[in-house]
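A quick write-up on the structure given underneath.
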Amino acid sequence: PTTRVLYYSHYFAGNRGMFAERCQKSNAPWYQRLVWYTPLANGIMDVMAKSFGLDDAAQLAAGRRRLDEAATEIEAMVGKPPLTLTPMDDGGPTAAAIAVAALFRPVVVPTKPAPPSLQAECARWQQRKIGQFCLAVYNTFPYPPGIMT
């Protein structure tokens with residue numbers, strides 16, 4: 001989705017090394033991280049940039065506009081069934097609430113370390129009604145400390 005493209009656009013802007021460094025330090029098994037230490041890493045990042053359109057400013061602007069329009073529509077539904085924080089029978093949020101929170105997570109909760117531009121974008125989304133809703137959904141789950149980073 002567009003949220004993931006916007007997320008990657010911050011890592012790929014200017015210095016792609018930060019993305020490779022993040023992949024090298026991930027919690028993935030060593031054999032999955034190994035590729036980020038080889039010349040293949042640049043090829044992988046080139047394919048990602050091309051497939052996501054990360055080097056096309058017009059495409060990124062159009063994606064941001066579409067996401068903003070979609071968020072505005074969803075914000076009008078927040079608080080009404082099924083996008084409520086009213087617990088279901090098992091005490092958790094509705095499936096629709098979880099789905100919306102999952103789709104917006106890349107632009108609501110920055111990964112760490114995150115480029116300053118991504119931190120700023122996430123701060124902007126956190127101020128919106130959709131961001132507040134997503135943060136509230138995330139807080140309904142008993143995650144261990146640090147899992148949401």
Side-chain angles (χ1 to χ4, degrees), residues 1-29 32-33 35-38 40-86 92-149:
T2 302
T3 56
R4 184 58 59 188
V5 171
L6 294 179
Y7 167 85
Y8 283 126
S9 73
H10 293 283
Y11 275 101
F12 279 64
N15 180 7
R16 293 182 181 182
M18 186 172 195
F19 181 74
E21 182 180 327
R22 183 180 184 292
C23 293
Q24 290 169 352
K25 294 178 181 178
S26 75
N27 291 329
Q32 290 179 348
R33 292 191 320 261
V35 72
W36 296 104
Y37 291 96
T38 70
L40 289 174
N42 288 331
I44 292 169
M45 287 187 285
D46 288 344
V47 169
M48 289 176 71
K50 184 177 180 180
S51 65
F52 289 145
L54 299 177
D55 296 327
D56 185 344
Q59 185 175 343
L60 286 172
R64 230 181 218 99
R65 190 173 50 254
R66 284 191 311 271
L67 182 60
D68 187 59
E69 291 167 0
T72 299
E73 286 183 36
I74 294 170
E75 285 172 335
M77 295 184 268
V78 168
K80 302 171 189 164
L83 288 180
T84 66
L85 291 176
T86 304
T94 64
I98 293 169
V100 167
L103 289 171
F104 278 88
R105 188 180 188 287
V107 293
V108 172
V109 179
T111 53
K112 294 180 183 176
S117 60
L118 177 58
Q119 292 174 6
E121 177 136 7
C122 288
R124 182 178 68 83
W125 279 98
Q126 289 172 4
Q127 298 305 309
R128 290 188 61 162
K129 186 176 182 179
I130 191 75
Q132 293 294 311
F133 176 76
C134 292
L135 291 171
V137 171
Y138 305 146
N139 286 331
T140 64
F141 292 95
Y143 288 113
I147 196 90
M148 292 302 293
T149 60

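The first residue of the sequence shown is numbered 1, and numbering continues consecutively from there.
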Discussion item. Applying ring pair (Phe, Tyr, Trp, His ring centres under 6.0 Å) as the test, list every pair that has at least one member in residues 100-129; sequence neighbours left out.
Written reply: Phe104-Trp125
What pair of heavy atoms forms the shortest contact from [X] to [Y], and how long is it?
{"X": "Gly53", "Y": "Leu60", "answer": "O-CG, 4.0 Å"}
{"X": "Pro106", "Y": "Ala102", "answer": "CD-O, 3.8 Å"}
{"X": "Ala101", "Y": "Cys134", "answer": "CA-SG, 3.6 Å"}
{"X": "Ala114", "Y": "Tyr11", "answer": "CA-OH, 3.6 Å"}

Checking [X] now: which residues fulfil side chain to side chain contact (heavy atoms under 4.5 Å, CB included) with it, not counting sequence neighbours?
{"X": "Thr38", "answer": "Val35, Leu40"}
{"X": "Asn42", "answer": "Met45"}
{"X": "Pro29", "answer": "Tyr31, Gln32"}
{"X": "Ala62", "answer": "Arg65, Arg66"}

Calculate, to the nearest 0.5 Å, the distance between atoms [atom1] and [atom2] belonging to [X] and [Y] respectively.
{"X": "Leu103", "Y": "Ile130", "atom1": "CG", "atom2": "CD1", "result": "9.5 Å"}
{"X": "Leu54", "Y": "Leu6", "atom1": "CG", "atom2": "CG", "result": "9.5 Å"}
{"X": "Thr140", "Y": "Leu135", "atom1": "OG1", "atom2": "CG", "result": "11.5 Å"}
{"X": "Arg4", "Y": "Thr2", "atom1": "CZ", "atom2": "OG1", "result": "12.0 Å"}

Discussion item. Do Val108 and Tyr138 make a side-chain contact, defined as non-hydrogen atoms from C-beta onward lying under 4.5 Å apart?
Written reply: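 Yes, their side chains come closer than 4.5 Å.
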Item to complete: Only counting residues at least two apart or in another chain, list the ones meeting salt bridge (charged side-chain N to carboxylate O under 4.0 Å, His left out) with Asp56.
Response: none
Item to complete: With sequence neighbours left out, write down each residue that passes salt bridge (charged side-chain N to carboxylate O under 4.0 Å, His left out) with Arg124, or none if nothing qualifies.
Response: Glu121
Worksheet item: With under 30° as parallel and over 60° as perpendicular, where do the rings of Trp36 and Phe19 fit, or are they tilted in between?
Response: perpendicular
Worksheet item: With Phe52, which residues qualify under ring pair (Phe, Tyr, Trp, His ring centres under 6.0 Å), at least two apart?
Response: Tyr8
Quick one: side chain to side chain donor-acceptor pair (under 3.5 Å) partners of [X], sequence neighbours excluded?
{"X": "Lys25", "answer": "Glu21"}
{"X": "Ser117", "answer": "His10"}
{"X": "Glu75", "answer": "Arg128"}

Any side-chain to backbone donor/acceptor pair from [X] onto [Y]? Under 3.5 Å, distance only.
{"X": "Asp68", "Y": "Arg64", "answer": "no"}
{"X": "Gln126", "Y": "Gln132", "answer": "no"}
{"X": "Thr3", "Y": "Val107", "answer": "no"}

Worksheet item: What do the steps show when you test Tyr7 against Arg105 for side chain to side chain contact (heavy atoms under 4.5 Å, CB included), and what is the final call?
Response: CA-CA 10 Å; Tyr7 167 85; Arg105 188 180 188 287; over 6 Å; no
Fill in: Selection residues 129-139 - residue pairs positive for salt bridge (Lys or Arg N to Asp or Glu O under 4.0 Å), sequence neighbours left out
none
